[in-house]
Amino acid sequence: MESLKAIWAALFESLRDLLPIILVIGFFQFAVLQQPIPNLGEIVIGIVFVVIGLTLFVQGLNMSLFPIGESMAYSFVSKGSLFWLLCFAFALGFGTTIAEPALIAVASEAAIIAANGDMIENSEQSLASYAQGLRITVALSVGVAIMIGVFRIVKGWPIQYLIVIGYSGVVVMTVFAPPEIIGIAYDSGGVTTSTITVPLVTALGVGLASSIKGRNPMVDGFGLIAFASLTPMIFVMGYGMLV
Amino acid sequence: MLHIFTDLLAAIASTVWDVIPIVIVIFGFQRLVLRKPVANRKRLIIGFVLVLLGLGFFLEGLQAALFPLGRLMALQLTDPAFIAGDDIGRVLQWWDYQWVYLFAFAIGFATTIAEPSLLAVAIKANQVSAGSIGIWGLRIAVAVGVAIGIALGVYRIITGTPLYWYIISGYVFVLIQTMFAPRMIIALAYDSGGVTTSTVTVPLVAALGLGLASTVPGRNPLLDGFGLIAFASLFPIMSVLAYAQLSEWRGKHG
């Protein structure tokens with residue numbers, strides 16, 4: 001009985017999270033565009049799916065992604081090997097990004113832009129190799145980002161110094177990069193961090209900061225995602241200059 | 001109707017596919033480097049399955065219900081015939097797009113509230129700060145940032161001003177705020193820029209950008225359609241820093 005109540009409460013919470021989107025789309029459809037809703041049945045099923053999905057995700061999060069991220073952080077700290085920790089950080093960043101569907105979509109779009117701007121030959125093969133190169137570039141940049149971020153947590157450096165360096169890097173690269181690549185580069189920072197990576201990486205950072213002496217999980221534990229959104233911009237503009 | 005369920009299976013299968021590299025990295029290091037058995041293995045596996053099922057349902061639900069309607073809406077709202085109203089053929093000015101700005105603001109806010117990765121970070125921040133950072137406070141602060149960012153990004157596409165002006169002045173503003181913000185919020189604020197743009201926000205916002213860039217005269221969808229995501233990742237940093245400054249100020253002044 002208690003657990004049934006808990007499930008209802010969780011479902012209700014997910015529905016509440018979704019309510020703003022339903023209101024916005026409903027308002028614009030009826031009041032502004034003044035059109036009926038097409039396929040109402042399908043939309044209702046879709047909304048039920050989204051609510052169920054969000055509820056299961058949050059349940060699973062607390063059972064798997066959070067504990068595994070934290071327990072791996074503790075194990076690496078008790079093992080005491082910075083080298084292996086940094087290897088893990090790089091592999092995690094690289095591995096989660098290379099398969100990211102949003103990135104695959106952005107990379108092939110970027111190849112088309114590059115071909116239109118006469119940066120590369122407009123043939124299927126050169127488009128595919130450009131897109132592939134871009135994906136690897138972004139995945140490398142996220143691997144490097146998580147590695148730097150983990151190193152910062154271990155050393156306890158204030159995050160703003162590294163962010164200033166990163167921002168300066170973006171500004172300098174913007175001056176030299178071909179104009180066609182700038183929009184994609186700026187956007188690529190946002191597409192790298194997926195729904196599975198974010199909780200895992202956050203738990204890793206918080207776990208490290210709470211198990212290393214002298215670190216505060218609030219001040220030092222966050223910030224890994226910030227690096228993962230910053231370095232792709234620099235790397236992608238660099239890729240645009242080289243290719 | 002049946003195709004929703006077959007699509008659901010496909011969505012779950014593709015989430016499993018995305019997760020494989022992560023599982024390989026985690027269990028590879030666990031086995032070969034840490035050489036320790038995982039604690040609570042059964043609970044962990046159930047949790048992973050729930051995450052996969054949850055994301056599958058979530059994505060398929062969005063695909064079936066909200067994305068088609070949202071995309072269609074973005075195209076209709078940016079259609080010059082709708083914006084010009086009765087007086088078709090006149091030259092449109094940037095203020096003629098008021099419904100587009102409102103839509104950009106509202107959809108930016110609404111999709112951010114539903115973003116699962118932001119929810120995850122908010123839950124963690126709430127745990128770590130022992131409750132002093134509220135789950136809803138953080139989510140609303142981030143959502144307001146995304147809403148302002150996307151509305152401004154839409155204005156940029158309509159006026160055709162260069163993207164890097166906005167981004168670079170945004171950086172300068174963030175750095176100034178960082179000097180005055182409470183120390184414990186800084187890393188979390190920088191993180192909230194990256195978490196806002198994943199499963200829910202990107203598809204709807206990208207449709208809006210491409211729709212606008214292909215209908216506003218003089219814009220090239222390939223060049224000007226990009227950049228909204230960048231706005232959506234920059235402005236939450238400012239709004240979260242501002243939220244923390246405001247809470248601190250309120251704490252000091254009664």
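Treat the numbers as computed from the prediction; the structure is a model and nothing was measured.
- Looking at every heavy atom in both residues, A114(B) comes nearest to L18(A) through CB-CD1, 4.3 Å.
- Heavy atoms of V170(A) lying under 4.5 Å from chain B belong exclusively to its side chain.
- Heavy atoms of F76(A) lying under 4.5 Å from chain B belong to its backbone as well as its side chain.
- Classification of the F88(A)-F29(B) ring pair by plane angle, with boundaries at 30° and 60°, yields perpendicular.
- There is no contact between L19(A) and chain B, counting heavy-atom distances below 4.5 Å.
- When heavy atoms are compared at a cutoff of 4.5 Å, Q29(A) approaches chain B by way of both its backbone and its side chain.
- T174(A) touches chain B through its side chain: at least one heavy atom from C-beta onward sits under 4.5 Å away, while N, CA, C and O do not.
- Checked by atom type and distance alone, the side chain of D191(B) never pairs as donor or acceptor with a backbone atom of F222(A) at under 3.5 Å.
- Of the atoms belonging to S64(A), heavy atoms from both backbone and side chain fall under 4.5 Å from chain B.
- One distance of note links OG1 of T202(A) with NZ of K124(B); it measures 8.5 Å at 0.5 Å rounding.
- Here the straight-line distance linking atom CG of L52(B) with atom CZ of F57(A) works out to 10.0 Å at 0.5 Å rounding.
- For F5(B) and F49(A), the distance between ring centers is under 6.0 angstrom.
- V44(A) does not touch chain B: none of its heavy atoms, backbone or side chain, sits under 4.5 Å away.
- In this structure, chain B has a heavy atom under 4.5 Å from the side chain of L200(A), while its backbone stays farther away.
- Rounded to the nearest 0.5 angstrom, L54(A) CG and L119(B) CG are separated by 6.5 Å.
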